[in-house]
Amino acid sequence: MHENIKFRQLVEELVSVIPAGRVMTYGQIATICGKPRAARIVGGIAHFGNTDLPWQRVVKKDGSLASGYPGGVNGHKRVLESEGVTFHQMKIVNMQELLWRPKI
DNA sequence: CGAGTGACCGCAA
DNA sequence: ATTGCGGCCACTC
């Protein structure tokens, strides 16, 4: 059977289960949802999709933040810090530890 | 329906 | 370490 589920829905479901204080990358999400090269699309969904989801927990692969989050990178950074995420300059410290790996 | 777009990513200097 | 550029492809209108 082929996946009739839309990429967008998979992405949104995945984002919804990221625990507070943990993060996932756009590319990681795209890969898990079956489209390894659709990282930019995940960003597009972040912009146009369900705003009730914890999009603040989705970051770039290098641990920096994308521009586009309401409030800009500074607002984005503050929200993550309120969840316990620490930064060094504009990048997340301990990306490896904070990276959330969902069971597939 | 088709073209334009972008909350990315990898790689070269 | 930072900057720039090209490719990627589902989404919007």
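Hydrogens, waters and symmetry mates play no part in the numbers below; they use all other heavy atoms, side chains included. Chain A is the first sequence line, chain B the second, and so forth, proteins listed ahead of strands; every chain is numbered from 1.
In this structure, A:Arg40 places its CZ atom 13 Å from P of B:dG10, rounding to the nearest Å. Distance A:Gln28 CD to B:dA7 C1': 16 Å, rounded to the nearest Å. Taking atom NZ on A:Lys60 and atom C1' on B:dC9, their separation rounds to 9 Å, with Å as the unit. Remark: P of B:dA7 and NZ of A:Lys77 are 21 Å apart, rounded to the nearest angstrom. Distance, A:Leu53 CG to B:dA7 P: 17 Å, rounded to whole Å. In this structure, A:Tyr69 atom OH and B:dC8 atom P are separated by 15 Å, rounded to whole Å. Put simply, NZ on A:Lys6 is 12 Å from C1' on C:dT12, counting in whole angstrom units. A:Phe7 has its CZ atom 14 Å from the C1' atom of B:dG6, to the nearest Å.
Along DNA chain C, the nucleotide closest to A:Ala38 and the one closest to A:Arg8 are compared, and the more 5′ of them pairs with A:Ala38. Mapping A:Ile41 and A:Gly49 onto DNA chain C by nearest heavy atom places A:Ile41 at the nucleotide closer to the 5' end.
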inquiry  = Using the rule given for side chain to side chain contact (heavy atoms under 4.5 Å, CB included), can you reason through A:Val73 versus A:Met90, listing the C-alpha separation, both sets of side-chain angles and the distance that settles it, and then say yes or no?
reply    = CA-CA 9 Å; A:Val73 292; A:Met90 291 314 275; 4.1 Å; yes
message = One pair to check against side chain to side chain contact (heavy atoms under 4.5 Å, CB included): A:Trp55 and A:Ile45. What are the steps and the verdict?
response = CA-CA 10 Å; A:Trp55 290 109; A:Ile45 296 172; 3.9 Å; yes
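For A:Phe48, the listed nucleotide lying nearest its side chain is C:dT12; candidates were B:dA7, C:dT12, C:dC8. Distances from the side chain of A:His47 to the nucleotides B:dC8, B:dA7, B:dG10 place B:dA7 closest. Side-chain proximity of A:Ala46 to the nucleotides B:dG6, B:dC9, B:dA7 is greatest for B:dA7. Taking the side chain of A:Lys61 as heavy atoms from C-beta on, and the options B:dC9, B:dA7, C:dC8, the nearest nucleotide is B:dC9.
Put simply, A:Arg37 has no side-chain N or O that comes within less than 4.0 Å of OP1 or OP2 on C:dG6.
Heavy atoms of A:Gly27 sit under 4.0 angstrom from primed sugar atoms or phosphate atoms, though from no base atom.
Atom CG of A:Leu10 sits about 11.5 Å away from atom CD1 of A:Ile29, to the nearest 0.5 Å.
Side-chain to base pairing of A:Tyr26 with B:dA7: one donor and one acceptor N or O lie within less than 3.5 Å of each other.
In terms of hydrophobic clustering, with Ile, Leu, Val, Met, Phe, Trp and Tyr side chains grouped at heavy-atom distances under 4.5 Å, A:Val11 and A:Trp100 are assigned to a common cluster.
The shortest side-chain heavy-atom distance between A:Glu83 and A:Leu80 falls under the 4.5 Å cut-off.
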